[in-house]
There are 2 protein chains.
Amino acid sequence: MDEPRQGGGAAPKGTVTQRAIERIKAMIGEGLLEPGQRLPTERDLAAQLGISRSSMREAIRALTVLGVLEARHGSGIYVTQLQAGDLLETFGVVADLSRGPRLVELLEVRRILESTATALAAARITPAQLAVVEGHLAAMNATEDPEEILAHDLAFHRAIAEAAGNETMAAILEGLSSRTFRARVWRGYREEGAFDRTRREHAAIHRALAAHDPEAARAAAAAHVGEVEEWLRAQVGS
Amino acid sequence: MDEPRQGGGAAPKGTVTQRAIERIKAMIGEGLLEPGQRLPTERDLAAQLGISRSSMREAIRALTVLGVLEARHGSGIYVTQLQAGDLLETFGVVADLSRGPRLVELLEVRRILESTATALAAARITPAQLAVVEGHLAAMNATEDPEEILAHDLAFHRAIAEAAGNETMAAILEGLSSRTFRARVWRGYREEGAFDRTRREHAAIHRALAAHDPEAARAAAAAHVGEVEEWLRAQVGS
DNA sequence: TTGACCCAAGTGGTCCGACCACATCCATGG
DNA sequence: CCATGGATGTGGTCGGACCACTTGGGTCAA
């Protein structure tokens with residue numbers, strides 16, 4: 001045994017960068033680092049853990065893309081609010097990089113969550129929130145620009161998910177419906193005249209929300225997502 | 001030579017590292033990089049994008065923690081299989097870092113997915129898969145070691161999720177039930193004698209699976225997760 | 001011939017030092 | 001009192017050096 005580390009007891013596993021990542025995550029997990037709090041400088045952190053600034057920077061960059069930390073040029077490094085949106089942003093990457101069968105599976109997950117979220121929204125939605133939903137619905141029907149339609153479509157579902165009262169679920173659904181993901185589906189989808197059907201489905205969802213009818217809302221949402229799901233399933237088969 | 005950017009038209013947005021990350025993600029998204037394929041060396045990649053090796057390393061590290069790339073010391077950098085498990089590993093971080101109300105929301109999402117997954121499993125499960133589930137159930141009841149119980153509990157639900165036939169959902173559920181997450185819940189939970197109840201709930205789930213009764217399975221799973229959910233909700237309130 | 005062994009080249013991992021770009025704070029001066 | 005400008009500190013980028021590990025081919029003995 002050449003005892004490469006002094007008696008501290010910490011086993012030297014993996015790369016130093018990986019260890020640094022775990023250390024910082026642990027600090028946050030144990031409450032030593034509060035959301036929004038500012039961390040020591042890269043140089044100080046590196047010195048504290050006995051590693052080089054380069055390695056520490058890689059660790060910080062990794063935690064940055066995970067939505068745990070936020071680096072502000074010239075100011076410092078801060079812990080994010082650790083909101084659902086911060087951490088689940090990476091969920092969009094999954095959707096962007098998924099192909100074939102995996103895409104269908106992803107859509108199946110979305111169908112399950114979206115239908116439940118819509119049902120919850122039907123029970124809880126306030127008049128103000130309903131007005132927002134109606135706004136996006138109207139805007140979506142008032143234009144022919146695909147880009148704009150997509151944006152309002154996304155916002156439409158986002159507003160419903162928020163009305164369900166579960167921020168985490170809303171964030172996951174947003175990631176599942178990332179721009180690229182939706183754009184890919186829309187391409188070549190409108191050609192089959194499914195454009196009007198989408199419009200009708202959205203109207204059905206809105207009707208159920210206005211009537212505060214959870215069961216109808218669940219069915220309408222499930223049908224809406226299921227429609228795309230079936231089409232995609234057929235595409236994958238060919 | 002000044003010539004900040006030649007006419008290519010690409011706007012220099014954000015940090016060079018961030019751009020490198022996007023570039024590599026785009027290459028994979030467009031199919032230029034296949035799963036399992038080996039990338040050029042860090043030095044070559046850096047040269048291709050006209051950035052330093054340090055910056056390129058940060059980009060690679062970021063994509064590594066996201067489960068998109070895999071670096072093998074002395075061998076090279078490879079694209080992962082991009083399986084659901086690879087990409088959704090980061091989901092565990094969310095569970096580990098969530099606190100209070102967010103934890104309840106997370107558990108609510110799990111309840112929705114787990115109940116649906118269990119229902120699907122009841123309809124599709126094969127005798128062989130059922131045997132695996134029973135194995136973990138028996139092992140769980142045969143020991144008193146919390147560590148071992150937790151492992152088999154996790155495997156129990158994992159096996160059910162796999163039987164549902166949706167790898168993506170199984171991966172998400174696994175992330176939602178990350179080690180730390182479950183351990184935190186168990187601590188101080190057994191004290192209220194809820195230990196036997198968990199055993200009974202698991203038995204109910206198994207019964208529904210064996211009977212191929214989706215509705216019963218859904219109810220049993222929802223009740224199982226909901227039990228923990230309610231307890232946690234009460235804890236947060238205090 | 002065949003097999004085990006060893007070494008050299010290539011690759012990721014780590015460290016260092018320098019400089020740049022930007023944000024912030026404070027002394028200065030109106 | 002407020003606006004201004006510079007000094008300071010911070011993250012961002014760069015280049016080079018060396019270390020640790022893998023890989024493959026060549027050597028040498030059986």
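What's counted below: heavy atoms across the whole structure, side chains too, no hydrogens, waters or symmetry copies. The sequence lines fix the lettering, A, B, ..., with proteins before strands; numbering per chain opens at 1.
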Which parts of residues 54-73 of chain B get close to DNA chain C, meaning a heavy atom less than 4.0 angstrom away?
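By residue number: B:Arg57, B:Arg61, B:Ala71, B:Arg72, B:His73.
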
Contact list please: residues 41-49 of chain A against DNA chain C, heavy atoms, distance less than 4.0 Å, in numerical order.
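A:Arg43 - these, ordered by number, are the residues of the stretch whose heavy atoms sit under 4.0 Å from the strand.
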
Grab the CD1-C1' distance between A:Ile77 and C:dC22 for me, whole Å please.
15 Å

Atom CZ of A:Arg53 and atom P of D:dC14: how far apart are they, to the nearest Å?
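Going from A:Arg53 (CZ) to D:dC14 (P), I get 13 Å.
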
Could you tell me whether the side chain of A:Ser178 reaches within less than 4.5 Å of the side chain of A:Asp96, counting heavy atoms only?
yes

Are any of the side-chain heavy atoms of B:Val68 and B:Ile24 separated by less than 4.5 Å?
no

Sequence neighbours excluded, which residues qualify as salt bridge (Lys or Arg N to Asp or Glu O under 4.0 Å) partners of [X]?
| X | value |
| --- | --- |
| A:Arg57 | A:Glu42, B:Glu58 |
| A:Asp153 | A:Arg182 |
| A:Glu22 | A:Lys25 |

So which nucleotide from C:dT14, C:dA18, C:dC15 ends up closest to the side chain of A:Ile51?
C:dC15

State which of C:dT14, D:dG11, D:dT23 makes the closest approach to the side chain of B:Ser75.
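When the side chain of B:Ser75 is considered, D:dT23 is the closest of C:dT14, D:dG11, D:dT23.
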
Among A:His136, A:Glu134, A:Gln129, the one residue meeting side-chain contact (heavy atoms from CB on, under 4.5 Å) with A:Val132:
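One option only clears the test, and that one is A:His136.
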
Among all residues two or more places apart in sequence or in another chain, which pass the side chain to side chain donor-acceptor pair (under 3.5 Å) test with B:Glu167?
none

Are A:His202 and A:His152 near enough that their ring centres are under 6.0 Å apart?
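For A:His202 and A:His152, the ring centres are not under 6.0 Å apart.
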
Starting from the 5' end of DNA chain C, give me the residue, A:Ser52 or A:Gly74, whose nearest nucleotide shows up first.
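Comparing both residues, the 5'-ward one is A:Ser52.
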
